[in-house]
Amino acid sequence: MATILLQDKEIGGLQVLKDGQWFKVPIIPDAIFVNAGDQVEIMSNGMLRSPVHRVVPNSERERISVAIFCLPDPENEIGPAPELISDGQPQLYKKVKNYLSHFCHYYERGESALPSVKV
């Protein structure tokens, strides 16, 4: 899944986790934020990473953001693109169908689904 986000122009809240610490994603007015999700990480064989992220509510001001989620048909199998696999860059992920269902199963348990599809 990839997420395309048009953030509120004034009120932030999106954060990403890096090295065990949460960082605010800066607001850039009229910019589109693209989050490469787990499925993009699988298809890119790990070249593009799926960041752990969250949205922190603002108790004082209302925020309006528009998010669009893009994902493949659940019947389609996804896996690393063959062009991204070589002797120097081995295949990191298995092929999988209906990754969204797989993702939701782990998400409900508070876990990432990515380790379960690693080779």
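Residue numbers count from 1 along this sequence. Quantities reported herein were computed from a predicted structural model and do not represent experimental measurements.
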Exercise for review: Would you mind listing every side-chain hydrogen bond (donor to acceptor under 3.5 Å, both in side chains) that reaches into residues 58-70, with sequence neighbours excluded?
Suggested key: Glu10-Arg61
Check your understanding: What are the two closest heavy atoms between Tyr99 and Gln39, and how far apart are they?
Key -> CD2-CG, 3.4 Å
Review point. Tell me, do Asn35 and Leu5 make a side-chain contact under 4.5 Å, heavy atoms counted?
Key: no
Check your understanding: What distance do Gln21 atom CD and Gln15 atom CD have between them, rounded to the nearest 0.5 Å?
Key -> 10.0 Å
**Study point:** salt bridge (Lys or Arg N to Asp or Glu O under 4.0 Å) contacts touching residues 15-30 (sequence neighbours left out)
**Key:** Lys9-Asp30
Exercise for review: Before giving the answer on side chain to side chain contact (heavy atoms under 4.5 Å, CB included), spell out for Val117 and Ile42 the whole-Å C-alpha distance, their side-chain angles and the decisive distance to 0.1 Å.
Suggested key: CA-CA 9 Å; Val117 294; Ile42 292 167; 3.9 Å; yes
Give the table of side-chain donor-acceptor pairs shorter than 3.5 Å for residues 107-114, with sequence neighbours excluded, one pair per line with atom names and distance.
from, atom 1, to, atom 2, distance (Å)
Arg109, NH1, His105, NE2, 2.8
Arg109, NH2, Glu111, OE1, 3.2
Ser112, OG, Leu114, N, 3.2

Distance-only criterion, 3.5 Å: show the donor-acceptor pairs between side-chain atoms of residues 73-85 and protein atoms not counting sequence neighbours.
from, atom 1, to, atom 2, distance (Å)
Asp73, OD1, Glu75, N, 2.7

Check your understanding: Under the salt bridge (charged side-chain N to carboxylate O under 4.0 Å, His left out) test, which residues partner Asp87, sequence neighbours left out?
Key -> none
**Study point:** Distance-minimising heavy-atom pair for Ala36 and Val40
**Key:** CB-CG1, 3.7 Å
Exercise for review: Please lay out, stage by stage, how Val16 and Trp22 fare under the test side chain to side chain contact (heavy atoms under 4.5 Å, CB included).
Suggested key: CA-CA 6 Å; Val16 294; Trp22 290 101; 5.6 Å; no
Exercise for review: Tell me who clusters with Val56, hydrophobic residues only, linked when side chains sit under 4.5 Å apart either directly or through other members.
Suggested key: none
Revision key, fill the gap. Rounded to the nearest 0.5 Å, the CD1 atom of Ile11 sits from the CD1 atom of Ile27 at a distance of 7.0 Å
Point to revise | Under the ring pair (Phe, Tyr, Trp, His ring centres under 6.0 Å) test, residues paired with Tyr106 that sit two or more places apart | key: His102
Review point. Who are the side-chain contact (heavy atoms from CB on, under 4.5 Å) partners of Leu92, not counting sequence neighbours?
Key: Asn45, Gln89
Review point. Rounded to the nearest 0.5 Å, how far apart are CG of Asp38 and CG of Leu71?
Key: 11.5 Å
Exercise for review: Can you sort out the partners of Ser44 under side chain to side chain donor-acceptor pair (under 3.5 Å), two or more places apart, ordered by chain and number?
Suggested key: none
Review point. Does Ser50 offer a backbone N or O that forms a donor-acceptor pair with the side chain of Glu41 under 3.5 Å?
Key: yes
